[in-house]
Trainee: 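Structure provided below as structure tokens; questions to follow.
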Amino acid sequence: MMSGLKTGLVLGGGAARGAYEAGVLSYLREELEPELGRPLKLDILAGTSVGAIHACYLAATSDQPALQGRGMRAHWTGMKVEEVLRVGVGDVFRVLREALGKPAPHPRDLQYGGLVDPRGLRAIVSRGIPWLGIARNMRRGHIDALAVSATHVGSGRASVFVQRRDGEIPTWGNDPSYQAEATRITPHHALASAAIPVVFPAVRLRGGLHVDGGLRLNVPLSPALRLGAQRVIVVSLRHEALRARTLAGPLESTELEREQALATAPFLAGKMLNTLMMDRTDQDLGRLRRLNAILEAGTVAYGPDFARTLSGVLGHHRSQPLRYVRELLVRPSKDIGALAAEYVRTPAFRRRSSGLAHKAILRLVDRDAAHEADLASYLLFDGGFADILIDLGRQDARALRDEWLRFWSDEPQTVAERATHPPTASAA
């Protein structure tokens, strides 16, 4: 029996789509944990964009895990579009002034390119997370590490901000497009990670401007592994169902609508945002699974020292020893863009408010394809829409019950896992 495997939780980016993550966490804390009858500790938290905000919240409240699912749900279902997306006539003129190259009248008016006034999101992040709890919970052993990813504007590289109790970071590798930095994580790091370009302004951290981490590292699996995770839960916000399309014969009505929508700015903007927020979950997990398969085959063929021997041979190419890593992926079973289009067209949403941001989302969806609204789905910080995504997250997580039971089992799942994670003295 193994004991004390370090568990990592990896949360991807997607702005308002992030309510889905609250549903997954709600299932973990409020259904699975009571079923197993024991606490399910999350040792290493890594997040990007909205996932970074969630990771910070979970780190700050890791001493009260039973309250986390309820707390995340309450934050999301209480949201209103106009509170997060504060857009006024002054903001429009400011962006036009910046586009024309005219300086702001005063340094305090600089927003570094964002259309939306960031004070709404800043208030939610600052008030909704007990930030002092992060360091306190690390000192008390409730959590080992927290990693928040952002994109450095000047260089285009991914910046991974890491907080650990000892203030250090492990060896990180030599990839010049990917830099880790030990720091005390604050609301500014979370806001920088969630700063969707053009929508929210860039955030200055240590002299450099940073924007949404999803541009370079939308699902930060690598930081969790480098920080020592021996098993990882990955929550992606991208629906990857394959759609069968026939090249011959007449187009279906939905395909005709998509072609007509291609000429509209909202449709193109949504697809461009999907591209910018590239989700490399399948590629990253594919590499992890291939490595696991190699370790399993080698251990079966050459014995329990295979991973250690291979690590010695590859030592100068790797920052950490090779080890088997158990993984579990949760992702939406439905297209979130389609859910956004359906919800925005309901009378309930149209009655919710009459603010400028609310009207803008209505216009976006009216001009987008009838069955999808990708751009709106990123901006739909609305309690009713959040409720739909939370419910979807819980359903999708619940459908993986057998995988969850395997994931949290104390018994080794493979020969390689037994060899690379031997039982501790107490477990033996």
Side-chain angles (χ1 to χ4, degrees), residues 8-15 18 21 42-62 112 118 121-122 125-126 128-139 142-197 200-229 232 277 284 319-320:
L9 175 64
V10 179
L11 298 170
E21 296 175 345
L42 302 173
D43 303 281
I44 296 160
L45 299 166
T48 293
S49 188
V50 67
I53 296 174
H54 286 160
C56 292
Y57 173 79
L58 294 172
T61 60
S62 55
Y112 303 119
L121 182 61
R122 189 184 301 153
V125 171
S126 298
I129 299 175
W131 290 92
L132 295 178
I134 296 176
R136 181 175 63 248
N137 288 331
M138 286 185 180
R139 289 194 301 270
H142 296 300
I143 182 176
D144 289 0
L146 170 64
V148 168
S149 304
T151 302
H152 182 258
V153 174
S155 64
R157 69 171 180 263
S159 296
V160 182
F161 300 99
V162 177
Q163 183 170 346
R164 299 172 79 199
R165 180 169 58 181
D166 59 10
E168 303 292 334
I169 56 174
T171 303
W172 210 264
N174 301 314
D175 187 346
S177 65
Y178 181 26
Q179 179 175 320
E181 180 178 335
T183 189
R184 182 178 65 86
I185 292 177
T186 69
H188 297 292
H189 296 91
L191 289 168
S193 184
I196 300 174
F200 292 108
V203 177
R204 188 173 292 279
L205 296 171
R206 298 200 175 186
L209 291 178
H210 289 77
V211 293
D212 200 303
L215 301 183
R216 292 305 303 268
L217 196 63
N218 196 42
V219 181
L221 175 59
S222 179
L225 298 178
R226 292 181 186 273
L227 289 168
V232 288
M277 307 284 281
D284 291 346
S319 59
Q320 291 186 336

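Only heavy atoms go into these numbers, but all of them, side chains included; no hydrogens, no water, no symmetry mates. Starting from 1, each residue takes its place in the sequence as its number.
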Trainee: Is there a donor-acceptor pair closer than 3.5 Å between any side-chain N or O of Arg164 and the backbone N or O of Gly167?
Mentor: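 It does not hold such a pair.
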Trainee: Side-chain contact, heavy-atom cut-off 4.5 Å: Cys56 with Val148?
Mentor: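 Yes, at least one pair of side-chain atoms sits under 4.5 Å.
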Trainee: Compare all side-chain heavy atoms of Val219 with those of Val10 and state whether any distance is below 4.5 angstrom.
Mentor: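 In contact.
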Trainee: His152: what forms a ring-ring contact (aromatic ring centres under 6.0 Å, His included) with it, not counting sequence neighbours?
Mentor: His210
Trainee: Should Leu58 and Leu9 count as side-chain neighbours, where that means a heavy-atom distance under 4.5 Å?
Mentor: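 Sidechains of Leu9 and Leu58: in contact.
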Trainee: Run the side chain to side chain contact (heavy atoms under 4.5 Å, CB included) test against Asp144 and tell me which residues pass, sequence neighbours left out.
Mentor: Lys6, Asp43, Ile44
Trainee: Please name the pair of heavy atoms, one in Gly14 and one in Val50, separated by the smallest distance, quoted to 0.1 Å.
Mentor: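 For Gly14 and Val50, the tightest heavy-atom pair comes out as N-CG1, 3.7 Å.
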Trainee: Mind running side chain to side chain contact (heavy atoms under 4.5 Å, CB included) on Leu11 and Thr48 for me, showing each step along the way?
Mentor: CA-CA 7 Å; Leu11 298 170; Thr48 293; over 6 Å; no
Trainee: Looking only at heavy atoms, which two atoms of Gly18 and His54 are closest? And how far apart?
Mentor: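 Taking Gly18 first and His54 second, the nearest heavy atoms are O-CE1, 3.1 Å.
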Trainee: Out of curiosity, Met138 CE to Gln163 CD, how far, rounded to the nearest 0.5 Å?
Mentor: 4.5 Å
Trainee: For the residue pair Leu146 and Phe161, establish whether any side-chain heavy-atom pair is separated by less than 4.5 Å.
Mentor: no
Trainee: Side chains of Val203 and Leu209, heavy atoms from C-beta outward: is any pair under 4.5 Å?
Mentor: no
Trainee: If you count the non-hydrogen atoms of other residues, nucleotides and ligands that lie under 6.0 Å from CZ in Arg184, is the total more than 12?
Mentor: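 12 or below, so no.
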Trainee: Who pairs with Arg206 by side chain to side chain donor-acceptor pair (under 3.5 Å), at least two apart in sequence or on another chain?
Mentor: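 Side chain to side chain donor-acceptor pair (under 3.5 Å) check on Arg206 returns Glu181, Thr183.
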Trainee: Looking at residues at least two apart in the chain, or sitting in another chain, which of them share a side chain to side chain donor-acceptor pair (under 3.5 Å) with Arg157?
Mentor: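 Partners of Arg157 under the side chain to side chain donor-acceptor pair (under 3.5 Å) test: Ser155, Gln179.
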Trainee: Applying side chain to side chain contact (heavy atoms under 4.5 Å, CB included), can you list everything that pairs with Ala182, at least two apart in sequence or on another chain?
Mentor: Ile169
Trainee: Answer yes or no: is there a donor N or O on one side and an acceptor on the other, between the side chain of Thr151 and the main chain of Asp212, under 3.5 Å?
Mentor: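 Side chain of Thr151 to backbone of Asp212: a pair is present.
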Trainee: Please round to the nearest 0.5 Å and tell me the distance separating atom OH of Tyr178 and atom OG of Ser222.
Mentor: 3.5 Å
Trainee: Name all residues meeting the side chain to side chain donor-acceptor pair (under 3.5 Å) criterion together with His189; count only those two or more places apart in sequence or in a different chain, and write none if there are none.
Mentor: Thr186
Trainee: Within the 4.5 Å heavy-atom criterion, are Ile53 and Val125 side-chain neighbours or not?
Mentor: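 They are in contact (side-chain heavy atoms under 4.5 Å apart), so the answer is yes.
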Trainee: Output all residues satisfying side chain to side chain donor-acceptor pair (under 3.5 Å) with Ser62, sequence neighbours left out; order by chain, then residue number.
Mentor: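 Listed in chain order: Asn137.
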Trainee: At what distance, to the nearest 0.5 angstrom, does OG of Ser193 lie from CD1 of Ile185?
Mentor: 9.5 Å
Trainee: Under the side chain to side chain contact (heavy atoms under 4.5 Å, CB included) rule, collect the residues that match up with Ala147, sequence neighbours excluded.
Mentor: Ala46, Val160, Val162, Pro223, Leu227
Trainee: Rounded to the nearest 0.5 Å, how far apart are CD1 of Ile143 and CG of Leu42?
Mentor: 8.0 Å
Trainee: Is a side-chain donor or acceptor of Arg226 paired with a backbone partner of Trp172 at a separation under 3.5 angstrom?
Mentor: yes
Trainee: What are the two closest non-hydrogen atoms of Ile196 and Ala15, and how far apart are they?
Mentor: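 Closest heavy-atom pair between Ile196 and Ala15: CD1-CB, 3.4 Å.
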Trainee: Which heavy atom of Gly128 sits nearest to which heavy atom of Tyr57, and what is that distance?
Mentor: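 Scanning both residues completely, I find the closest heavy atoms to be O-CD1, 3.6 Å.
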Trainee: Partners of Ala60 by side chain to side chain contact (heavy atoms under 4.5 Å, CB included), sequence neighbours excluded?
Mentor: Ile129, Pro130, Ile134
